[in-house]
Protein chains: 2
Amino acid sequence: MTASNTPSSNPDDSETGVEGGRRRATINDIARLAGVSKKTVSRVINQSPFVRDETRERIEAVIAEWGYAPDPQARGLAFRRSFLIGMIYDNPNPQYVVNMQLGLLDGLRGSGFELVVHPCDRSSPTFLADIRAFVERQKLFGVVLPPSVSEDDRVAKLLNEIGCSYIRIASVELDKPEHMIVGHDRLGGAQAARHILSLGHRRIAFISGPATFRSSHERRGGFEDALAEAGLKLSDEDIVQGGYTFESGVACGDVLLARSPRPTAIFCGNDEMAAGVLQSARKAGLSVPGDVTVVGFDDFQIAQAVWPPLTTVRTPTREIGRMAAEKLLGVERPEPRDLTTTEPSLVVRESSGPVPA
Amino acid sequence: MTASNTPSSNPDDSETGVEGGRRRATINDIARLAGVSKKTVSRVINQSPFVRDETRERIEAVIAEWGYAPDPQARGLAFRRSFLIGMIYDNPNPQYVVNMQLGLLDGLRGSGFELVVHPCDRSSPTFLADIRAFVERQKLFGVVLPPSVSEDDRVAKLLNEIGCSYIRIASVELDKPEHMIVGHDRLGGAQAARHILSLGHRRIAFISGPATFRSSHERRGGFEDALAEAGLKLSDEDIVQGGYTFESGVACGDVLLARSPRPTAIFCGNDEMAAGVLQSARKAGLSVPGDVTVVGFDDFQIAQAVWPPLTTVRTPTREIGRMAAEKLLGVERPEPRDLTTTEPSLVVRESSGPVPA
DNA sequence: CTGAAAGCGCTTACAG
DNA sequence: CTGAAAGCGCTTACAG
């Protein structure tokens, strides 16, 4: 047994240590300390089945004792792939973005992967080139695409070409199942319709999100389908196009509330626009829900900060994010709760009420 | 000249390429193509002055022609430092978080650095150990700490120990200048006070944020100082402690508005709480600003979504983030706009008005 | 089941 | 001003 094989030649004895006098243990230290080759340590790290149990236990003990964690950078270089997950997004809503990040982080926790955020602009001429440079340069393990980036088939095509795994989050299945987490916004639209119908409303209007968001169409589709079941059909002028922003909600509200006969209920593609309609109603001297019922979508914080608090449809953004990350990493969940947990659910508050007499 | 030195032996001829039939150029390809050693290419990449102009130009031409970009992972391994910047935060406000991220990304753009997000919980028993593991494992180039993590001296101490550069974002200078971006919340508090005074108010109350946030004290301090200049002093009961949340704003509003005599103006530590006070006033049948003036702080989106839109103090979060990232990377700005651009500014909207007759 | 050699794409001493 | 050697901390073939 050589000197270099004795326990005393441990990392702490090193004089090349950084601040604090300690150097992080490397695979070589662990190998030497466990009396095996670094290749065998590597096998343990990578959970190879071809290691004798006794050997594995010895190595794991040394790893635990030294608090060794393999260097992701070195591992990445050898693997030709980093341990980084990218979130590429253009969603303008801060709460959506933060919830999604938290969800992704939930799914990544304990895996050793980290989250790199990458906002983008779909209308930029260098949009695709930027994404390609980002993914290739960082050798991303995979990326998660929330709407509306997720709805751009060019991005999926590009990712396929450069061999980067990806998960698209969207309101409808627009790729192979292994690349999708589906939010089922359609169901949410239907829930809003049934709630509004149950309150007796018949003169109903819809403020849609921008056509560039798939969710706009799904929320509307689900809403119209459920109305149809009750024998109601929205005419073209019952539908006004907004932009998912507060200001567009005010503008659309101004248009709808000036009509006569006035709609008694307005379903809005998201909470921002619903808050805008509230504003518009106030300007027009109309009470909510006394004169008009307003229903939103998302159940973001704004839904509770306005007056009256919004009846809305909650989307489990954080849960969806967690599932996307787990799917990307190939984590198998004991119970496949996928369908149920991504479904939206109605939250009844005070902005909806019976049809005015 | 050997065959391997001819242009035809370029990366595209490789048959080991990934999907798309291309392999990314490496430093070896560039060296061969330019007829120099890879060390010299490395010098060009790292902007070493010890390269003849002619040589440099030749290499740069080859780099441009092949669209070569050095592998950050390999570079990081050799440098013992990654090209990753961490944002370690516990701020609960989504808009703050997103604005800060956008600002950091502004400052990082074009530098080759990427942003890794890392929310944390200051009350967790593993708080410091988690940060240490994160920073050391990823060999972070540096980290940015927004409030309230930035206010925790244990974090700064830890970062110093492990030799990781950091920038603390806070409302007051609590570290060496090279580690600080200061937001000067104190000035914002004073601006709010002067505005309220100019409207003739004398019965004034303050809803403070949680004591764990330094900004709570700064905003209050600036507010009280400016009141003092006008000969006004807040008594203990004029100050109510909230928690920076909408709900706490409602609760504090309920307390203050039930008093008699009632305050004619309430300055709130942030917009969330101001929105809560609006809610409370509505419940009490009080009009804003007819019966009571309400002023917030931050100018986040909620300030414009409530009714009436809030008079508030805008903090340039995104700008501050950009400056933090630039400072971390050591970017020198032509004009040192530091002081002026981090200063808050008053935004007058409709929630403030003259003292009721 | 285990290991010695070569390599991932860069940089740091060390020469010249 | 430029380069050959060794090394960063891992993994992938290839042997045995």
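The sequence lines fix the lettering, A, B, ..., with proteins before strands; numbering per chain opens at 1.
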* **Sole candidate of S148(A), S150(A), S124(A) that passes side chain to side chain donor-acceptor pair (under 3.5 Å) when paired with D90(A)** => S148(A)

* Who does dA4(C) pair with, Watson-Crick or G-U, both distances under 3.5 Å? -> none

* **Residue pair I88(B) / F134(B), side-chain heavy-atom distance below 4.5 Å** => yes

* Asked: So, is T55(B) near the phosphate of dC1(D), with a side-chain N or O under 4.0 Å from OP1 or OP2?
  -> no

* Asked: Under 3.5 Å, is there a donor-acceptor pair linking the side chains of S48(B) and N46(B)?
  -> no

* Note, D152(A) side chain near R122(A) side chain (heavy atom, < 4.5 Å) -> yes

* **Letter per nucleotide, 5' to 3', of nucleotides 3-13 of chain C [B base touched, S only sugar-phosphate touched, - untouched; heavy atoms, 4.0 Å]** => BB--BBBBBB-

* Pairing nucleotide - dA13(D), Watson-Crick or G-U, each distance under 3.5 Å -> none

* **SB check D153(A) R168(A) (cutoff 4.0 Å)** => yes

